[in-house]
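Read the numbers this way: they start at 1 and go in the same order the structure lists the ligands and their atoms.
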Amino acid sequence: MKKAFITGIGGQDGSYLTEYLLGLGYEVHGIVRRNSTPEHQQSRIDFVRENLHVSYGDLLDVSGLERVLQKVNPDEVYNLAAQSHVRISYDIPQFTAQTNALGTLNILEAFRNACPEAKFYQASSSEMFGSAVDEDGFQRETTPFKPVSPYGCSKVFAYNIVHNYRNAYKLHAVNGILFNHESPRRGSNFVTNKVVKGAVLIKKGMAKNLELGNMDSFRDWGHSKDYVKAMHKIINHSMADDFVVATGQTHSVREMTDYVFKQLGLDYQEYVSQNPNFLRPEELTYLRGDSSKLRSTFDWTPEYTFHQLMDEMIEFWMEKL
Ligand code: NAP
Ligand code: G4F
């Protein structure tokens with residue numbers, strides 16, 4: 001039985017990856033941070049318990065990381081933990097850099113000392129591209145990084161230190177450069193889930209309006225369920241390499257909002273207004289990923305279309321509320 005170790009196991013991707021690996025017969029281990037309300041902390045993974053082992057740990061606590069890796073002795077390590085909210089990274093830039101940049105260095109050091117023969121996956125992000133777009137309107141593995149947020153800068157450090165450790169210490173350490181991916185398990189302060197939840201609340205008469213930030217940015221949105229399968233393929237490639245994971249389609253926040261409200265029989269223009277609090281000091285305006293390298297190397301293609309993704313999220317909130 002193969003063993004996987006996941007940081008960020010209680011997050012959106014951590015929970016789908018856990019389900020996927022358990023389905024493949026893995027024994028899955030992970031760490032969660034100490035939290036004052038432990039009841040909610042593992043809500044995304046509470047329903048899967050067999051062959052799942054969760055302990056306390058933090059990316060900022062390097063001795064704890066090394067101890068747990070030595071004990072588990074995993075075959076695959078997935079570093080998914082992060083302060084993952086881009087706008088909030090402007091409020092807490094140092095914490096974001098400590099967790100996402102130095103935290104990655106911490107887990108890499110622990111990995112190098114405890115289980116250097118294992119494989120290491122880093123959750124890199126399309127936010128690293130920032131304002132850079134190739135002439136054909138896509139971002140890909142060769143597009144330069146021009147990050148436009150503390151979050152993006154922290155992820156560039158993490159990406160580079162993974163490369164450095166791969167080459168310097170001959171580690172099997174890889175980057176998946178994932179474009180935005182969503183699901184009903186997405187935090188409700190990210191735009192897709194915020195819009196769906198807000199629209200459903202309005203539909204059910206439980207809210208009167210919805211406040212958003214910039215509706216004119218474009219994102220390449222896929223489903224987390226499809227993307228965790230790509231993570232597993234990338235880490236298990238015969239050689240350590242980096243891959244973009246994306247749908248290749250892009251939609252504006254406005255178009256996404258219009259679709260969600262229309263599906264509920266509503267006109268978004270009657271309910272949505274702009275609140276400057278949700279704007280960012282610098283905005284990443286356009287993302288569209290070219291994942292041909294991934295698709296030609298592996299048998300991977302996303303199963304969910306953009307509309308199926310949004311429909312699943314609408315259905316989830318219609319039932320939940
Ligand atoms: P998420 O739902 O925010 O999950 C992040 C997880 O990291 C949470 O379980 C969080 O725990 C944990 N965490 C935060 N700080 C930690 C620390 N210091 N030590 C240990 N754990 C810590 O994010 P996600 O959407 O699943 O994304 C997974 C990873 O992919 C992240 O690294 C993200 O930056 C990256 N990524 C995401 C996307 C996307 O569109 N979703 C795209 C590209 C890259 P708490 O609940 O205790 O905070
Ligand atoms: O949903 P978002 O907060 O995601 P963002 O900033 O693109 O970051 C996500 O994707 C990255 C990959 O590219 C990940 F690395 C990162 O961890 C995270 O998962 O915002 C999407 C767009 C932005 O342009 C934002 O300005 O939606 C716009 N937006 C408009 N109104 C809003 C809102 N975003 C949020 N969160 N809340 C709003 O009210």
Side-chain angles (χ1 to χ4, degrees), residues 6-17 30-38 40-45 56-61 64-65 78-89 95-96 98-100 102-104 106-107 121-130 139 147-149 151-152 154-155 158-159 175-183 185-195 198 210-224 227-228 231 244-246 251-254 256-257 272 274-280 282-287 289:
I6 305 173
T7 71
I9 194 165
Q12 171 189 250
D13 291 1
S15 66
Y16 281 114
L17 181 63
I31 49 165
V32 295
R33 297 191 288 178
R34 186 266 162 181
N35 185 299
S36 64
T37 49
H40 307 307
Q41 198 173 14
Q42 295 182 44
S43 57
R44 291 181 176 111
I45 47 173
Y56 285 109
D58 195 304
L59 281 192
L60 304 179
D61 179 19
L65 293 174
Y78 295 85
N79 183 34
L80 308 186
Q83 191 303 90
S84 70
H85 201 285
V86 174
R87 197 205 56 73
I88 294 173
S89 77
F95 175 78
T96 302
Q98 277 160 8
T99 301
N100 301 1
L102 295 182
T104 302
N106 288 345
I107 182 90
Y121 174 93
Q122 168 59 19
S124 284
S125 165
S126 49
E127 185 74 19
M128 300 188 304
F129 294 120
Q139 289 104 352
V148 294
S149 63
Y151 171 84
S154 71
K155 285 286 185 178
Y159 172 94
N175 285 289
I177 307 172
L178 272 54
F179 282 62
N180 297 50
H181 46 281
E182 320 293 311
S183 72
R185 294 184 201 167
R186 183 61 139 158
S188 57
N189 56 354
F190 293 89
V191 77
T192 52
N193 226 7
K194 180 174 171 180
V195 166
L210 174 66
E211 292 182 342
L212 295 176
N214 175 24
M215 297 184 73
D216 296 315
S217 54
F218 286 76
R219 289 293 182 273
D220 178 334
W221 280 297
H223 198 301
S224 175
Y227 286 31
V228 299
M231 291 179 191
V244 157
V245 184
H251 303 270
S252 69
V253 172
R254 189 177 301 284
M256 181 269 292
T257 306
V272 176
Q274 190 176 78
N275 181 336
N277 287 336
F278 299 120
L279 296 173
R280 294 155 190 211
E282 190 175 3
E283 173 68 282
L284 193 167
T285 52
Y286 178 88
L287 283 173

Just jot down the ligand 2 atoms closer than 4.0 angstrom to any heavy atom of [X], in number order.
| X | value |
| --- | --- |
| L287 | 13 (O) |
| F278 | 39 (O) |
| S125 | 11 (C), 12 (C), 13 (O), 14 (C), 15 (F) |
| V253 | 22 (C), 27 (O), 28 (C) |
| R186 | 9 (C), 18 (C), 19 (O) |
| S84 | 16 (C), 17 (O), 18 (C) |

Which is closest to [atom] in terms of heavy atoms, [options]?
| atom | options | result |
| --- | --- | --- |
| atom 13 (O) of ligand 2 | S89, S126, G152, S217 | S126 |
| atom 36 (N) of ligand 1 | Y227, F190, F179, Y151 | Y151 |
| atom 38 (C) of ligand 1 | H85, R185, H181 | H181 |
| atom 28 (C) of ligand 2 | L210, I88, N214 | N214 |
| atom 34 (N) of ligand 2 | R280, K194, R254 | R280 |
| atom 28 (C) of ligand 1 | L80, T99, I9 | L80 |

Polar contact flag for [X] and ligand 1 (N/O pairs, less than 3.5 Å):
| X | value |
| --- | --- |
| Q12 | yes |
| S126 | no |
| L60 | no |

Any [X] heavy atom less than 4.0 Å from ligand 1:
| X | result |
| --- | --- |
| E127 | no |
| N35 | no |
| S124 | yes |
| T7 | no |
| R186 | yes |

message: If I apply the N/O under 3.5 Å rule, does W221 come out as touching ligand 2?
response: no

[X] near ligand 2 by a heavy-atom separation under 4.0 Å:
| X | answer |
| --- | --- |
| E283 | yes |
| H85 | yes |
| E127 | yes |

Only heavy atoms of [X], strictly under 4.0 Å: list the atoms of ligand 1 that pass.
| X | answer |
| --- | --- |
| N180 | 40 (O) |
| L178 | 42 (C), 43 (C) |
| A81 | 7 (O), 13 (N), 20 (C), 21 (N), 22 (C), 32 (O) |
| S84 | 1 (P), 3 (O), 23 (O), 33 (C), 34 (O) |
| A123 | 29 (C), 30 (O), 32 (O), 35 (C) |

Contact partition for [X] relative to ligand 2, non-hydrogen atoms under 4.0 Å:
| X | answer |
| --- | --- |
| F190 | both |
| R219 | side chain |
| V191 | both |
| V86 | side chain |

[atom]: which protein heavy atom is closest, and how many Å away?
| atom | result |
| --- | --- |
| atom 19 (N) of ligand 1 | L59 N, 2.9 Å |
| atom 9 (O) of ligand 1 | G11 N, 3.1 Å |
| atom 10 (O) of ligand 2 | N180 ND2, 3.1 Å |
| atom 36 (N) of ligand 2 | N189 O, 2.9 Å |
| atom 14 (C) of ligand 1 | A82 O, 3.2 Å |

task: Flag atom 46 (O) of ligand 1 as yes if some protein heavy-atom distance to it falls below 4.0 Å, otherwise no.
output: no

query: Between the side chains of N175 and Q122, is a donor N or O closer than 3.5 angstrom to an acceptor N or O?
result: no

message: Pairing donors with acceptors under 3.5 angstrom, does anything connect the side chains of E127 and S149?
response: yes

query: Step by step, would you call D216 with E283 a side-chain contact (heavy atoms from CB on, under 4.5 Å)?
result: CA-CA 10 Å; D216 296 315; E283 173 68 282; over 6 Å; no

field: Parallel, tilted or perpendicular, as decided by the 30° and 60° cut-offs, for the rings of F218 and Y286
entry: tilted

